[in-house]
Amino acid sequence: MRKFIDTAKKAGLDGFMLALLSMILLAWLWPAPGMKDSPLHLSTVSTYAVSVIFFFYGLRLSPEKLKAGLVNWRLHVMVHLSTFVLFPVLALAFRPFFQSEEGQVMWLAIFFLTVLPSTVSSSVVMVSIARGNIPAAIFNASISSLIGVFITPLWMGLVLDSGPGHFDLLSVVGKLAMQVLFPVFAGIALNSRWGHYAERHKKCIRYFDQSSILLIVYTSFCESFGEHLFDSLGIKEIVFLGIGMLALFFGIYFLLTFIGGLLHFNREDKVTAVFCGSKKSLVQGAVMSKVLFAGPEAGLMLLPIMLYHALQLIAASIIAQRMAREPEAAKDFVLKK
């Protein structure tokens with residue numbers, strides 16, 4: 001249990017998840033400061049904070065690391081096909097089970113989760129704990145964030161264009177490029193000069209990142225609670241949604257494990273494939289929800305990714321600890337023989 005708690009802390013599970021729940025509770029009790037007509041303009045502040053997050057992210061990402069990661073192309077293809085193809089295809093297959101109007105809205109929120117990029121920090125942490133291919137994990141998680149700026153809006157455009165209203169794909173990609181891509185590439189360009197500063201203060205930067213996400217979550221849920229979008233959701237619906245998110249994670253995890261075996265990946269690459277290919281980014285979800293769903297529905301769209309984020313960390317922590325013992329167990333077995 002102690003090892004599990006330490007792993008969860010390294011992944012940022014305990015304190016951050018409690019803070020997220022606190023933000024939702026605060027939005028329910030006191031939504032006025034986070035509304036669009038609030039004089040505090042918290043939503044605008046969170047938008048600028050997001051760009052700073054991705055600038056620091058790029059500042060810690062050296063071009064040398066990206067070049068070194070290009071070699072293992074089969075692993076990269078598998079991870080990104082899982083992230084941007086396998087996940088959304090599974091969601092599309094289950095769409096007929098959401099027939100009601102409320103069900104269609106919830107399915108859209110789940111589909112939004114499935115088209116998001118992989119998370120960066122927790123993927124690398126889990127791969128490190130499980131003794132996987134860490135350089136490949138860094139490469140895949142980093143590239144996933146950049147690819148998602150284009151692929152996520154494209155997937156959402158295909159779904160939203162089939163319903164009422166108009167989805168302006170170029171406008172969405174342009175906004176995300178300004179908020180995500182431009183700061184990332186600016187950070188990469190300044191890596192040689194200021195990269196050591198970002199590494200030295202990475203703990204403070206992580207706190208800033210988490211505070212910005214908390215602000216986005218708060219403002220998103222303020223709008224949703226203010227418009228009473230959660231009135232139709234009860235405890236039973238949230239529990240069933242959580243069970244579905246857990247089933248989605250394990251379904252992808254076991255499928256990637258099977259495919260990795262078919263492709264004859266070594267142990268380190270299998271570990272990297274299952275952790276990078278099964279994760280979804282709460283950071284990107286919070287950012288993209290503000291662009292894709294500008295109205296009060298942004299909070300509702302974040303509900304599945306928040307549940308998935310928490311459950312994937314818990315499940316992945318347990319799995320990573322188990323994997324970490326596998327090499328030593330194999331070594332002990334050989335020595336006994």
Side-chain angles (χ1 to χ4, degrees), residues 4 7-8 10-14 16-17 20-21 75 78-95 97-98 106-130 132 137 140-141 144-145 148 151-152 155 213 237-261 265 269-286 288-289 301-324 326:
F4 169 70
T7 304
K10 288 179 182 178
L13 177 60
D14 291 346
F16 186 51
M17 286 310 303
L20 280 175
L21 294 175
L75 174 60
M78 178 179 170
V79 168
H80 297 306
L81 283 179
S82 171
T83 303
F84 295 112
V85 178
L86 181 57
F87 264 100
V89 166
L90 284 176
L92 288 170
F94 281 90
R95 188 175 190 178
F97 295 97
F98 297 82
M106 184 53 65
W107 177 84
L108 183 63
I110 295 172
F111 184 77
F112 174 58
L113 152 71
T114 63
V115 299
L116 288 173
S118 176
T119 184
V120 178
S121 57
S122 63
S123 292
V124 177
V125 168
M126 296 306 168
V127 170
S128 176
I129 293 171
N140 279 291
S144 180
S145 298
I151 301 298
T152 300
W155 267 116
I213 298 305
E237 286 78 9
I238 295 176
V239 169
F240 276 118
L241 179 60
I243 293 172
M245 295 300 95
L246 202 56
L248 177 62
F249 172 81
F250 279 108
I252 295 292
Y253 171 81
F254 287 119
L255 190 55
L256 292 179
T257 301
F258 175 72
I259 295 174
F265 282 173
D269 287 350
K270 282 182 183 178
V271 169
T272 303
V274 296
F275 283 123
C276 291
S278 62
K279 295 296 192 66
K280 289 294 179 178
S281 173
L282 175 60
V283 175
Q284 290 277 11
M288 292 186 179
S289 68
M301 293 298 122
L302 281 176
L303 186 58
I305 179 58
M306 288 183 64
L307 286 172
Y308 191 88
H309 174 78
L311 293 171
Q312 77 180 359
L313 286 177
I314 294 171
S317 296
I318 297 171
I319 295 170
Q321 285 289 352
R322 189 197 68 192
M323 286 183 170
E326 287 177 355

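Just so you know, these numbers use all the heavy atoms, side chains as well, and skip hydrogens, waters and symmetry mates. Every value quoted in this text rests on a predicted model; they were computed, and no experiment measured them. For the single chain, residues carry numbers from 1 onward in sequence order.
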Can you label the angle between the Tyr253 ring and the Phe250 ring as parallel, tilted or perpendicular, going by 30° and 60°? perpendicular
What distance separates Met301 CE from Met288 CE, expressed to the nearest 0.5 Å? 15.5 Å
Minimal heavy-atom distance between Phe111 and Ala91, with the atoms involved, is CD1-CB, 3.8 Å
Testing Asp269, Leu256, Thr272 for side-chain contact (heavy atoms from CB on, under 4.5 Å) with Met78, which one passes? Leu256
Are Pro304 and Phe112 packed together at the side-chain level, in the sense that at least one heavy-atom pair is separated by less than 4.5 angstrom? no
Sort out for me which residue in Gln284, Lys279, Lys280 forms a side-chain contact (heavy atoms from CB on, under 4.5 Å) with Ser118. Lys279
Contact check, side chains of Val274 and Phe254, non-hydrogen atoms, under 4.5 Å: no
Rounded at 0.5 Å granularity, tell me how far NE2 in His80 sits from CG in Leu75. 8.5 Å
Quick one: closest heavy-atom pair of Gly277 and Phe87, and the distance? O-CE1, 3.3 Å
Step by step, would you call Lys270 with Thr257 a side chain to side chain contact (heavy atoms under 4.5 Å, CB included)? CA-CA 7 Å; Lys270 282 182 183 178; Thr257 301; 5.9 Å; no
Within a strict 4.5 Å, meaning less than it, do heavy atoms of the Thr83 and Asn140 side chains meet? no
When rounded to the nearest 0.5 angstrom, what distance separates CD1 in Ile305 from CG in Leu282? 6.0 Å
Hey, mind stepping through Glu237 and Leu303 against side chain to side chain contact (heavy atoms under 4.5 Å, CB included) and telling me if it holds? CA-CA 12 Å; Glu237 286 78 9; Leu303 186 58; over 6 Å; no
Could you report the tightest heavy-atom contact between Ala324 and Ile129, atom names first, then the distance? CB-O, 3.1 Å
If you look at every heavy atom in Pro117 and Ser144, which pair is closest and at what distance? CB-O, 3.3 Å
In Å and rounded to the nearest 0.5 Å, what is the CD1 to CZ distance from Ile110 to Phe98? 4.0 Å
In terms of heavy-atom contacts, Phe249 and Ser278 come closest through CE1-OG, 3.5 Å
Mind listing the closest non-hydrogen atom pair of Met323 and Ala130 along with its distance? CB-CB, 3.7 Å
Any side-chain heavy atom of Ile252 sitting closer than 4.5 Å to one from Ser82? yes
Rounded to the nearest 0.5 Å, what separates atom CD in Gln312 from atom OG in Ser281? 9.0 Å
Is it the case that the side chain of Trp155 and the backbone of Leu116 share a donor-acceptor pair, with hydrogens and angles ignored and the cut-off at 3.5 Å? no
Working note: Leu248 + Thr114, criterion side chain to side chain contact (heavy atoms under 4.5 Å, CB included); need CA distance, chi angles, decisive distance, verdict. CA-CA 9 Å; Leu248 177 62; Thr114 63; 4.3 Å; yes
CE on Met245 to CG on Leu307, rounded to 0.5 Å: 7.5 Å
Hey, does Leu92 have a side-chain heavy atom less than 4.5 Å from the side chain of Trp107? yes
Run Met106 and Phe240 through side chain to side chain contact (heavy atoms under 4.5 Å, CB included) and show every step you take. CA-CA 12 Å; Met106 184 53 65; Phe240 276 118; over 6 Å; no
